[in-house]
Structure formats: C-alpha cells, structure tokens
Amino acid sequence: MARTRWDAIVDGSVSIPAHEALGFRLEQSSDPHTSVSLSWTVPRELCNSAGNLQGGVLAAFADALLGAATAAHLPEDAYPALAEMKISIFRPARAASTLRGTGRVVKAGARVLFAEADIVDSTGASIARASGTEIPAS
C-alpha cells in the first residue's frame, strides 16, 4: 500500500475536527502498523460534579484511538467508520490529568478491521481499555 490514511493525518492533508475541538494530540509512532498513540489533557468542563471525566467523553478518546490505529491500514481515500465499540473503565480520569492512549489493529481484514486501545494516566495507571470494529468507507 502506498500512502495511507495515517500518512494523510500526520502530514495534515486530512484533518479530524473532533480531535482538534477536544484537543487530542498525535504522538510519534515508529511503526503505525504496529501501534499509534494519542495524548490528551482532560478539560475540567468535560468532567462530572466529582471532578472526573464523563465516561462518554472518555469513550470518544477511545474511539479516536481505534480510528487512528486502523487509519494506518487503509488507503488515504478510505475512512475508518466505527461499527461497534466496547469500553471498560477501570478508574476515573481526573480533571487536568494527562492521558496517553495506544491503539493497535488486532486483525486487518479486507472489509472489517478489529482494533484495541489502552488508556493510561501519567503515572501509568490503567484508566480504560476499548475494543472495536472499523469498516473502511469512502
């Protein structure tokens, strides 16, 4: 495969407005076919009254990781459309904490890609794990 969707995201020729609006940051990846990473500082305005990130917003971060991981396996003109996702949340993510997520493709088929994502805080404590199915769309 020549140029991938991941290549287009990295060089800025494809933008992801949700990433920009929420502040997700792409991290360097030595081999995006193996794994990709995003980081994010939890905004207070997206937290609940206890000061913890709302679960649905954490799921959006996991969704971004699954999509980024599968983008490395798709041609530039294909979009990874999330078909289903499961997320397990192990502990709260506090306001202003920095999260780092790693996404990887478990199986890349021609019509369906299976991916996983792990999210940790700055101490390395596991915050969440997600798995999902992405379908190439154009």
Side-chain angles (χ1 to χ4, degrees):
M1 181 183 315
R3 190 167 154 82
T4 66
R5 182 79 172 187
W6 174 259
D7 296 327
I9 293 167
V10 169
D11 74 17
S13 56
V14 167
S15 68
I16 305 172
H19 289 204
E20 295 167 10
L22 292 169
F24 302 159
R25 296 177 304 279
L26 245 52
E27 301 291 327
Q28 285 287 94
S29 175
S30 59
D31 182 5
H33 276 86
T34 303
S35 69
V36 300
S37 295
L38 299 173
S39 61
W40 185 42
T41 301
V42 175
R44 178 166 298 288
E45 61 271 15
L46 299 179
C47 292
N48 59 29
S49 61
N52 299 317
L53 182 63
Q54 195 272 343
V57 182
L58 183 60
F61 187 54
D63 177 15
L65 287 159
L66 298 173
T70 56
H73 295 263
L74 298 177
E76 179 179 9
D77 62 350
Y79 171 82
L82 184 67
E84 61 85 27
M85 180 177 74
K86 177 196 182 297
I87 186 167
S88 297
I89 300 172
F90 306 123
R91 64 177 32 90
R94 301 285 303 157
S97 65
T98 299
L99 303 181
R100 186 176 200 295
T102 303
R104 70 198 149 283
V105 170
V106 176
K107 171 99 171 72
R111 296 182 308 184
V112 177
L113 297 98
F114 298 93
E116 292 181 337
D118 289 302
I119 300 169
V120 299
D121 66 15
S122 59
T123 70
S126 186
I127 299 296
R129 172 172 268 189
S131 61
T133 305
E134 302 271 356
I135 299 172
S138 44

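- Within the hydrophobic cluster formed by Ile, Leu, Val, Met, Phe, Trp and Tyr side chains joined at under 4.5 Å, directly or through other members, L82 is accompanied by L66, M85.
- A distance of 7.0 Å separates OG1 in T102 from CG in D118, rounded to the nearest 0.5 Å.
- Rounding to the nearest 0.5 angstrom, the gap separating the CH2 atom in W6 from the NE2 atom in H33 is 11.5 Å.
- Applying the 6.0 Å contact sphere to CD of Q28 captures no more than 12 heavy atoms from other residues, nucleotides or ligands.
- L99 places a side-chain heavy atom less than 4.5 Å from the side chain of D121.
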May I have the step-by-step check of side chain to side chain contact (heavy atoms under 4.5 Å, CB included) for T41 and R25, ending in yes or no? CA-CA 9 Å; T41 301; R25 296 177 304 279; 3.7 Å; yes
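- Side-chain atoms of W40 come within 3.5 Å of backbone N or O of L22 as a donor-acceptor pair.
- Residues V57 and I127 fall within the same hydrophobic cluster, defined by Ile, Leu, Val, Met, Phe, Trp and Tyr side chains chained together at heavy-atom separations under 4.5 Å.
- Nearest heavy-atom pair across D11 and R3 is OD2-NH2, 2.6 Å.
- For the atom pair L38 CG and R100 CZ, the distance stands at 9.0 Å (nearest 0.5 Å).
- Rounding to the nearest 0.5 Å places NE2 of H73 at 15.0 Å from CZ of R5.
- Under a 4.5 Å side-chain heavy-atom criterion applied to ILVMFWY residues, the cluster that includes V120 comprises that residue alone.
- S97 has its side chain within reach of V42: a pair of non-hydrogen atoms, C-beta onward, lies under 4.5 Å apart.
- Across all their heavy atoms, V36 and S29 have their closest contact at CA-OG, 4.3 Å.
- In this structure, L74 is not a member of the same hydrophobic cluster as L65, with clusters built from ILVMFWY side-chain heavy atoms closer than 4.5 Å.
- Closest approach of A137 and A81 over heavy atoms only: CB-CB, 4.3 Å.
- When the side chains of ILVMFWY residues are joined at heavy-atom separations under 4.5 Å, either directly or via intervening members, V10 and F24 end up in a single hydrophobic cluster.
- Counting all heavy atoms, side chain and backbone alike, T70 lies closest to A115 at CG2-CB, 4.0 Å.
- The two residues P43 and C47 have their closest heavy-atom pair at O-SG, 3.5 Å.
- Pairs engaging residues 111-134 under the ring pair (Phe, Tyr, Trp, His ring centres under 6.0 Å) rule: none recorded [sequence neighbours left out].
- The shortest heavy-atom contact between I135 and A83 is CD1-CB, 3.6 Å.
- Summarising the geometry, atom CD1 belonging to I89 is positioned 8.0 Å from atom CG belonging to L53; distances are rounded to the nearest 0.5 Å.
- Atom CG of L58 and atom CD1 of I87 lie 4.5 Å apart (nearest 0.5 Å).
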